[in-house]
Amino acid sequence: MARLSVVLLLVVATALVLRWRRPAWYWMTFGVVLATLRVLVRYASVMDACGLTVPPSRWRLALSRMTDRPAPEARAPRILRLRPTRTGLVLRLKLRPGQDAFDVSAATDRLRHSFGMYGVTAREIRSGVIELRMTGYDVLRRVQMPAKIDRAPMRVPVALREDGSVHYRDYRAVPHGLTLGATESGKSVYQRNLVAGLAAQDVALVGIDCKQGVELFPLACRFSALADDQDTALELLEALVSHMESVYQLVREQQRINVNVPDAEIAADVWDLAEELRPPPVVVLVDEVAELALFASKEEEKRRDRIITALVRLAQLGRAAGIYLEICGQRFGSELGKGITMLRAQLTGRTAHRVNDETSANMAFGDISPDAVLAAIQIPADAPGIAVAGDSTGGWSRIRAPHTSLRAAVNLCSKYADRTPDVPALAPFRPVVASSVSGALTLNKASAATA
């Protein structure tokens, strides 16, 4: 008996230590079993307390009266499947007649407390079927990306969502994106994860970093073009517009509009071209958009207008030509001048890290989701990297990118430097990476003559 008590005490102590120091290990060893039992035992009473039950149907009431039996109880949604995951539980429910998916979504906070889980989110799978994703611990405190990741062309896993799923940046589905955040909020790490994920793919990376290149130039060996000042940025953007027009000419030549050609084989964008004819897709990363929009003289204002016009044209027309924008900044409001709101309207993907005021959050989500605005202004200052990601559909979620050091990103870019495609229109802007005697890298923009 004493030995059993000692073993039990050791098990409890181990569970407490794991829950404090290694919550992921605790969940996989003890938490998943306890949470599953808690959900199954409490399910009926919790659903009734949360108002997620429906009264018995008339025929059941009539049958109980005819047979002189007690009146049937209210019915909760039927459990279709309960599946444990490495971060929580996935509960799939079949709604009863008269219930709505919004009722379940509105009750997620009460379900979180009742089931003793860290977080609960709901989404509709199909008509009448709801999936509850419940997390057993704070997965964003110490981000660990799963070993199995669904990889596809132009689809990059950049962060982990609060429900334990992977957040992807899919350029084919969401061509252009906007990333906002204050200083030291985690924008640079998010951007490094994007570059590191794209480095292994056949894509041309174009960078515009008007902070003298301190953010993007260390990764220059994987970039097809880089600009570190406003004048070079203007030339680079106008070269991209010319490249876009040449790609459209290629698509026109290869459209194959003929009565003998099936509809699915008619070329309408760059992805419909044959692989040997298809130019490489281009991802344009702008590190600080405000530096492109600010001006102090008439000449700078003319340059600024040309830069914004080029960006708007790329945002409106670039998708079919395989050109995608990823724009970062601390603010992105109308105070940056004309054309800014038109550009922002074209940026479907929105990501906001910690911001300094509600106005900045409204710049990202005010036109798509008021709830996302509230979530963005509640990000604490001591949690860099946590962000709110949303899109034009109104859906949003809290995410956090895994910490990627600058050295790790540089190593990845060096590893895949041979995959940097040669785009003739961008050749004058390709950085030259030369090894010095000390082994460091000196970076210079290539001139048109050397290209």
Side-chain angles (χ1 to χ4, degrees), residues 1-50 52 76-93 104 107-123 130-150 157 159-167 186 189 193 378-386 397-405 408:
M1 188 67 181
R3 183 177 298 177
L4 180 61
S5 300
V6 171
V7 172
L8 185 60
L9 183 62
L10 287 176
V11 171
V12 173
T14 302
L16 292 176
V17 171
L18 287 178
R19 187 172 186 179
W20 174 45
R21 300 291 296 178
R22 291 289 186 270
W25 295 3
Y26 167 79
W27 173 256
M28 296 300 294
T29 52
F30 301 98
V32 64
V33 177
L34 297 176
T36 301
L37 293 175
R38 195 162 52 240
V39 169
L40 293 177
V41 170
R42 298 180 182 178
Y43 179 74
S45 59
V46 166
M47 289 295 166
D48 184 49
C50 293
L52 297 178
R78 182 161 55 93
I79 298 178
L80 297 179
R81 184 173 65 182
L82 178 60
R83 177 172 59 90
T85 66
R86 70 181 190 91
T87 59
L89 299 174
V90 177
L91 184 63
R92 187 165 291 189
L93 306 176
V104 182
T108 53
D109 199 51
R110 286 175 287 171
L111 293 174
R112 175 175 69 89
H113 289 291
S114 301
F115 289 139
M117 304 297 289
Y118 182 82
V120 176
T121 58
R123 69 186 184 100
I130 298 296
E131 185 177 86
L132 293 177
R133 296 189 68 94
M134 299 181 282
T135 51
Y137 59 96
D138 186 3
V139 298
L140 300 184
R141 187 177 70 177
R142 188 176 181 180
V143 177
Q144 294 180 337
M145 300 293 282
K148 186 178 180 181
I149 294 178
D150 183 18
L160 196 66
R161 294 186 177 182
E162 63 180 342
D163 61 2
S165 61
V166 178
H167 177 70
V189 174
N193 278 276
Q378 291 178 342
I379 297 175
D382 59 349
I386 291 183
S397 61
R398 293 173 76 242
I399 64 171
R400 191 175 195 179
H403 179 71
T404 301
S405 65

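We count residues from 1, following the sequence as given.
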Asks: Identify, with sequence neighbours excluded, every residue that meets side chain to side chain donor-acceptor pair (under 3.5 Å) alongside Arg123.
Replies: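 Arg123: side chain to side chain donor-acceptor pair (under 3.5 Å) contacts with Glu131.
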Asks: Distance check, rounded to the nearest 0.5 Å: Leu132 atom CG versus Arg112 atom CZ?
Replies: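 Atom-to-atom, Leu132:CG and Arg112:CZ are 14.0 Å apart.
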Asks: Could you tell me if the side chain of Leu111 sits less than 4.5 Å from the side chain of Met47, heavy atoms only?
Replies: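 Side chain of Met47 against side chain of Leu111, heavy atoms only: contact under 4.5 Å found.
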Asks: Can you find a pair of side-chain heavy atoms, one from Asp138 and one from Pro23, that are under 4.5 Å apart?
Replies: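 Side-chain contact under 4.5 Å: no.
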Asks: Drop me the distance from Phe115's CZ to Arg110's CZ, to the nearest 0.5 angstrom.
Replies: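 These two atoms lie 12.0 Å from each other.
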Asks: Is there side-chain contact between Arg38 and Ser114, with heavy atoms separated by less than 4.5 Å?
Replies: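 In short, these two side chains do not touch, never coming nearer than 4.5 Å.
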Asks: Give every donor-acceptor pair under 3.5 Å between a side-chain atom in residues 27-37 and any protein atom, sequence neighbours left out.
Replies:
from	atom 1	to	atom 2	distance (Å)
Trp27	NE1	Thr85	O	3.1
Thr29	OG1	Trp25	O	2.8
Thr29	OG1	Tyr26	O	3.2
Thr36	OG1	Val32	O	2.7

Asks: Could you pull out the closest heavy-atom pair between Val39 and Met134, with the gap in Å?
Replies: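 For Val39 and Met134, the tightest heavy-atom pair comes out as CG2-CE, 4.2 Å.
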Asks: Please find the pair of heavy atoms, one from Gly116 and one from Arg42, that lie closest to each other, and give the distance.
Replies: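 Closest heavy-atom pair between Gly116 and Arg42: N-NH1, 4.4 Å.
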Asks: Quick one: closest heavy-atom pair of Ile130 and Ala122, and the distance?
Replies: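 Heavy-atom minimum between the residues: CG2-CB, 4.3 Å.
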Asks: Roughly how far, to the nearest 0.5 Å, is the CD atom of Glu162 from the CZ atom of Arg398?
Replies: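 Here the interatomic distance stands at 5.5 Å.
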Asks: Report the residue from Thr121, Leu89, Leu91, Thr108 that forms a side-chain contact (heavy atoms from CB on, under 4.5 Å) with Arg133.
Replies: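 Option passing the side-chain contact (heavy atoms from CB on, under 4.5 Å) with Arg133: Thr121.
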Asks: Check whether any side-chain heavy atom of Tyr43 lies under 4.5 Å from a side-chain heavy atom of Ile79, and answer yes or no.
Replies: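 Contact flag for Tyr43/Ile79 side chains = yes.
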Asks: Are Tyr118 and Thr87 close enough that some pair of their side-chain heavy atoms sits under 4.5 Å apart?
Replies: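 No, too far: nothing below the 4.5 Å cut-off.
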Asks: What pair of heavy atoms forms the shortest contact from Ala107 to Leu52, and how long is it?
Replies: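 Closest heavy-atom pair between Ala107 and Leu52: CB-CD1, 4.1 Å.
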Asks: Kindly compute the distance separating CD1 (Ile399) from CG (Leu140), expressed to the nearest 0.5 Å.
Replies: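 Going from the CD1 atom of Ile399 to the CG atom of Leu140 covers 9.0 Å.
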Asks: Quick one: closest heavy-atom pair of Arg400 and Ile386, and the distance?
Replies: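 Smallest heavy-atom distance, with atoms named: CD-CG1, 3.6 Å.
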Asks: Check whether any side-chain heavy atom of Met145 sits under 4.5 Å from a side-chain heavy atom of Leu160, and report yes or no.
Replies: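 Result yes, sub-4.5 Å side-chain heavy-atom pair found.
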Asks: For atom CZ of Arg86, is the number of surrounding heavy atoms from other residues, nucleotides or ligands below 6.0 Å larger than 12?
Replies: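 Correct, the count exceeds 12.
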Asks: Please report the closest heavy-atom contact between Pro146 and Val166, naming both atoms and the distance.
Replies: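 The pair with the smallest heavy-atom distance is CG-CG2, 3.4 Å.
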